Protein chains: 2
Amino acid sequence: MGYSRQREMLLSVLKDTKSHPTANAIYEEMRKRDPKVSLGTVYRNLALLTESGIILRIDTEHDSVHYDGFTHPHYHFVCNGCGEVSDLSINPIGIEAEVEKETGGSVAGHTLVFYGKCKKCK
Amino acid sequence: MGYSRQREMLLSVLKDTKSHPTANAIYEEMRKRDPKVSLGTVYRNLALLTESGIILRIDTEHDSVHYDGFTHPHYHFVCNGCGEVSDLSINPIGIEAEVEKETGGSVAGHTLVFYGKCKKCK
DNA sequence: GAGATAATCAGTAACGATTACTAAATTTAT
DNA sequence: ATAAATTTAGTAATCGTTACTGATTATCTC
């Protein structure tokens, strides 16, 4: 994976926010800096960066996919009211070995998402 | 939520399999029993049954949403190779209270998905 | 059980997120 | 500086899902 101005810009957008934007939100933010950037470019780079483990994708039971620029292991809380996705600081659980034993396969990672009402929406 | 032949059929399909079919797979299975069943009906009932907590939806990083007829608390393993979703029997984790404390909100549930290669694909 | 009321359906159209494609521009290698 | 490889913008196509409508089926009341 080489360098490109757009890819750098995407990474910078994602590193500069504590929110967990969707592809479209990232696109809008990038367009402020360069109105000529293309939505296809956003999706292509999100896929590339996700595959490389440089960013994280977050699948929720609501709306479309969210992305996270921080890859140190952590979990997420999704509000069923406003849909906001926020980081949690609870410690990572260590049960991948157990899962490997049970499945006979290999585990590369896991995602843990909590659902509920956030402070505001409760 | 009332009774309907199609809704019963959907539930029966979901209870009769240990796989975790997508909406479309469920649709195909239902069509074998009744060729006139509609895809819209499948989606509508999946949404209703999910809201009522009678079935479970599983969001993964691959393809479309999968559904699970068993709602006792359990977790899932998704193969990055073949995409198969399987049940795990590891014990539920008890950290929702901790999440409530951290967020100041209320937690209604959580999903835990492991990714990797299954026995066959490894 | 018959008729009224409400829920649900089949079928199809519309939608929104994502992916695929192509010729032009940019980056990298020589 | 030139050639080769990668990436882009822009747009069209795809796919999962949702919305809509008039017809059907279930439920309720007598």
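Owing to the predicted nature of the structure, the values given are computational and were not obtained by experimental measurement. Below, each value reflects all heavy atoms present in this structure, side chains not excepted, and no hydrogens, waters or symmetry copies. Note on naming: letters A, B, ... go to the chains in the order of the sequence lines (proteins, then strands), and numbering restarts at 1 for each one.
- Rounded to a whole Å, the CZ atom of B/Arg31 is 17 Å from the P atom of C/dC9.
- Whole-Å rounding puts the A/Asp59 CG to C/dT18 C1' distance at 13 Å.
- Put simply, A/Thr41 has a side-chain N or O that comes within less than 4.0 Å of OP1 or OP2 on D/dA9.
- In this structure, B/Asp63 reaches neither bases nor backbone, as no heavy-atom distance under 4.0 Å exists between it and the strands shown.
- The CG atom of A/Asn45 sits 14 Å away from the C1' atom of C/dT26 (whole-angstrom rounding).
- Atom CZ in B/Arg7 sits roughly 18 Å away from atom P in C/dA6 (whole-Å rounding).
- Taking atom CD of A/Glu8 as the reference point, atom C1' of C/dT26 lies 14 Å away to the nearest angstrom.
- The neighbour count for A/Lys18 NZ, taken as heavy atoms of other residues, nucleotides or ligands under 6.0 Å away, does not exceed 12.
- Comparing D/dG10, C/dC9, C/dT18 against the side chain of A/Leu39 picks out C/dT18 as the nearest.
- Heavy atoms of A/Tyr3 sit under 4.0 angstrom from primed sugar atoms or phosphate atoms, though from no base atom.
- Taking hydrophobic clusters as Ile, Leu, Val, Met, Phe, Trp and Tyr residues chained together by side-chain heavy-atom distances below 4.5 Å, A/Val13 shares a cluster with A/Leu48.
- Considering only side-chain N and O atoms, A/Arg5 lies nowhere under 4.0 angstrom from the phosphate OP1 or OP2 of C/dT26.
- The side chain of B/Lys36 places no N or O atom within less than 4.0 Å of a non-bridging phosphate oxygen (OP1 or OP2) of D/dT24.
- Note that the CG atom of A/Leu10 and the CE atom of A/Met30 stand 4.5 Å from one another [nearest 0.5 Å].
- An OP1 or OP2 oxygen of C/dA17 is reached within less than 4.0 angstrom by no side-chain nitrogen or oxygen of A/Thr22.
- In this structure, of C/dT18, D/dG16, C/dT8, it is C/dT8 that holds the atom nearest to the side chain of B/Met1.
- Other residues, nucleotides and ligands place no more than 12 heavy atoms under 6.0 Å from the NZ atom of B/Lys36.
- When the side-chain nitrogen and oxygen atoms of B/Gln6 are compared with OP1 and OP2 of C/dA10, one or more of them lie within a distance under 4.0 Å.
- Of all nucleotides listed (C/dA10, C/dT18, D/dT17), D/dT17 comes nearest to the side chain of B/Val65.
- Although no hydrogens or angles enter the test, the distance criterion places no donor-acceptor pair under 3.5 Å between the side chain of B/Lys117 and the main chain of A/Gly105.
- At the phosphate of C/dT19, neither OP1 nor OP2 sits under 4.0 Å from any side-chain N or O atom of A/Tyr43.
- In this structure, A/His62 atom NE2 and D/dT18 atom C1' are separated by 17 Å, rounded to whole Å.
- Residues A/Lys32 and A/Glu29 are paired through a salt bridge, judged by an N-O separation under 4.0 Å between the basic side chain and the carboxylate.
- Dashed line: the shortest gap from a side-chain N or O of B/Asn24 to OP1 or OP2 of D/dC15 is not under 4.0 Å.
- Remark: P of C/dT18 and CD1 of A/Ile26 are 10 Å apart, rounded to the nearest angstrom.
- The distance from atom CG of B/Asp34 to atom P of C/dT8 is 17 Å, rounded to the nearest whole Å.
- B/Arg44 comes within 4.0 angstrom of a base, heavy atoms only.
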